[in-house]
Number of protein chains: 2
Amino acid sequence: MATTPPATTRTTARTGAGAADGGRDRAKRADAVRNVESIVAAATRVLAVDPDASINDIAKAAGVGRVTLYGHFDSRATLVREVVDRAIAQTDAALAEVDLDGDPRDALGRMLEASWRLTHRFGALVVAGSQVLPPEEMRRAHDGPMTRARGVLERGRQAGALRADMPIDWQLSVIQAILHGASAAVHRGEITSDDAPGLVRDTALAALTA
Amino acid sequence: MATTPPATTRTTARTGAGAADGGRDRAKRADAVRNVESIVAAATRVLAVDPDASINDIAKAAGVGRVTLYGHFDSRATLVREVVDRAIAQTDAALAEVDLDGDPRDALGRMLEASWRLTHRFGALVVAGSQVLPPEEMRRAHDGPMTRARGVLERGRQAGALRADMPIDWQLSVIQAILHGASAAVHRGEITSDDAPGLVRDTALAALTA
DNA sequence: CTTAAACTGTACATCCGTGTTCGAGTTAGG
DNA sequence: CCTAACTCGAACACGGATGTACAGTTTAAG
């Protein structure tokens with residue numbers, strides 16, 4: 001260690017899916033990758049409950065030092081972005097598997113149950129995102145599921161299976177509200193997470209039925 | 001104005017300044033009272049939108065200096081407590097005027113419309129309170145309206161006018177969720193504040209009807 | 001008119017969260 | 001086993017928010 005290293009080796013978080021852009025990076029060490037996973041998982045878990053959780057809280061929850069976290073993510077915003085991006089990916093993947101054909105009410109029911117799991121898992125993550133990321137970026141997160149849900153709603157309205165005497169945007173807001181309300185109720189112990197999906201489905205369906 | 005002798009007074013809000021002298025209290029001056037009102041009003045307005053608003057923001061919105069605010073309220077928590085207390089008082093007063101007799105569905109509708117106005121006015125105030133005040137103190141805020149609403153719900157369920165196949169706590173949560181969802185939707189420009197009460201009433205009623 | 005209460009801005013001490021730097025210890029992997 | 005990558009804790013700079021202290025001016029009220 002007599003000679004000073006030429007430059008401090010700063011590891012830029014380069015977990016990009018797809019091909020590596022630009023130059024080739026050395027393969028990341030195994031424990032590094034493992035730690036990044038721990039951090040993202042912990043951040044998701046913690047931020048879903050408390051969107052104002054500090055970097056310290058997240059690092060502690062991940063079982064790593066605060067400095068180590070900064071070694072993988074430039075800033076809090078970067079970390080939040082990564083977490084949100086993964087949540088979006090999981091959400092899209094989960095919703096893409098939902099069968100939207102057949103009776104509109106049944107289709108909506110299936111979508112509601114799937115959405116419940118996601119809402120319950122990610123909770124207040126959207127709040128954390130909104131506080132750090134530009135609103136445009138959050139827009140994208142909700143856009144996918146929104147248009148998907150809107151499609152089902154429109155079909156149900158035209159088929160006469162759902163009431164059409166309210167703005168469709170309002171009906172989407174109601175679904176959102178019930179989903180988040182259920183998450184809060186579970187977290188408060190008023191209902192169990194087993195009962196939640198059924199209650200959400202029945203209640204939302206009742207609210208939207210003619 | 002008049003008769004008030006400068007002798008008998010009671011200590012309410014003190015002008016904090018350090019090592020106070022012996023113990024001579026005088027009646028509060030008129031402009032002081034006026035400023036306190038401005039501060040509380042501004043705090044209510046600001047905190048209802050952004051529960052994390054700083055003391056500076058509130059003072060600015062009230063048109064007074066930051067130091068003046070501290071002259072009337074020891075700390076941020078004190079201010080929030082005062083604001084919340086007043087909100088509770090207004091809420092109780094407004095809900096006490098609602099006629100809960102007659103057809104349960106009509107009674108619930110009236111209560112929903114009244115609750116909407118309060119929710120829209122106070123918005124995220126409950127969040128600000130929860131972050132600063134002990135949870136027990138927030139409990140009290142919701143307890144009054146809650147038991148009142150629960151009474152109407154129970155009556156409606158036993159009369160067969162409302163569905164009884166879900167936990168009553170869940171139904172209360174749904175009402176809460178729809179109210180807050182509507183407030184968010186208005187604030188987001190999706191619906192107008194004129195349409196909101198009707199939509200809230202119709203939607204909640206539909207969600208709770210057998 | 002006189003006085004004390006109240007207001008104001010500035011400045012200061014403090015706490016907390018963020019982001020960075022440093023030196024040293026630990027571990028993966030050739 | 002040797003080296004570079006990785007991790008860790010402590011310490012520092014910075015900014016924002018909370019309270020407090022001070023000194024000068026305005027204003028209510030007797």
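First the proteins, then the strands, lettered A, B, ... as listed; each starts at 1.
- Residues from residues 45-62 of chain A placing a heavy atom under 4.0 Å of any atom in DNA chain D do not occur.
- Atoms CG (A/Asp74) and P (C/dG19) sit 9 Å apart, rounded to a whole Å.
- Pairs engaging residues 114-157 of chain A under the ring-ring contact (aromatic ring centres under 6.0 Å, His included) rule: A/Trp116-A/His120 [sequence neighbours left out].
- The pair A/Glu154-A/Arg150 fails the salt-bridge criterion, with no side-chain N (NZ, NE, NH1 or NH2) lying under 4.0 Å from an Asp/Glu carboxylate O.
- Interatomic distance, A/Arg157 CZ to A/Leu162 CG, rounded to the nearest 0.5 Å: 8.5 Å.
- Contact check for A/Arg76 versus A/Val80: side-chain heavy atoms found under the 4.5 Å cut-off.
- Between A/Asp169 and B/Ile191, every side-chain heavy-atom pair lies at or beyond the 4.5 Å cut-off.
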Write out a two-atom table: protein N or O, nucleotide N or O from nucleotides 28-30 of chain C, distance below 3.5 Å.
residue	atom	partner	partner atom	Å
C/dA28	O4'	A/Arg29	NE	3.4
C/dG29	OP1	A/Ala30	N	3.1

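- For the residue pair A/Arg105 / A/Thr209, a side-chain donor-acceptor distance below 3.5 Å is found, with atom types taken as modelled.
- You'll find the side chain of A/Leu112 stays beyond 4.5 Å of the side chain of A/Ser115, heavy atoms only.
- Rounded to whole angstrom, the span from the CG atom of B/Leu69 across to the C1' atom of D/dG19 amounts to 12 Å.
- Between the side chains of A/Ser54 and A/Asp57, at least one donor-acceptor pair of N or O atoms lies under 3.5 Å.
- In this structure, B/Arg76 places its CZ atom 10 Å from P of D/dA17, rounding to the nearest Å.
- Within the 4.5 Å cutoff, the side chain of A/Leu199 has no heavy atoms near those of the B/Val174 side chain.
- Under the side-chain hydrogen bond (donor to acceptor under 3.5 Å, both in side chains) criterion, the residue pairs touching residues 191-202 of chain B are B/Glu113-B/Arg201, B/Thr192-B/Asp195, with sequence neighbours excluded.
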* B/Glu82/B/Arg86 under salt bridge (charged side-chain N to carboxylate O under 4.0 Å, His left out): CA gap, chis, key distance, verdict -> CA-CA 6 Å; B/Glu82 176 68 22; B/Arg86 294 210 189 188; 3.0 Å; yes
* Protein-to-nucleotide contact annotation, 5' to 3' order, nucleotides 9-14 of chain C [B base; S sugar-phosphate only; - none; under 4.0 Å, heavy atom] -> BBB---
Below 3.5 Å is the cut-off: list the nitrogen or oxygen pairs between protein and nucleotides 1-3 of chain D, distance only.
none

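- At whole-Å resolution of the value, OH in B/Tyr70 and P in C/dC7 are 16 Å apart.
- The neighbour count for A/Arg155 CZ, taken as heavy atoms of other residues, nucleotides or ligands under 6.0 Å away, is above 12.
- The interatomic distance linking B/Asn35 (CG) with D/dT27 (P) rounds to 12 Å, in whole Å.
- Contact annotation: A/His72 reaches the phosphate of D/dT7 (side-chain N/O to OP1 or OP2, under 4.0 Å).
- Distance CD (B/Glu37) to P (C/dA6): 15 Å, rounded to an integer number of Å.
- Salt-bridge formation is not detected for the pair B/Glu97/B/Arg110: no Lys NZ or Arg NE/NH1/NH2 atom is positioned less than 4.0 Å from an Asp or Glu carboxylate oxygen.
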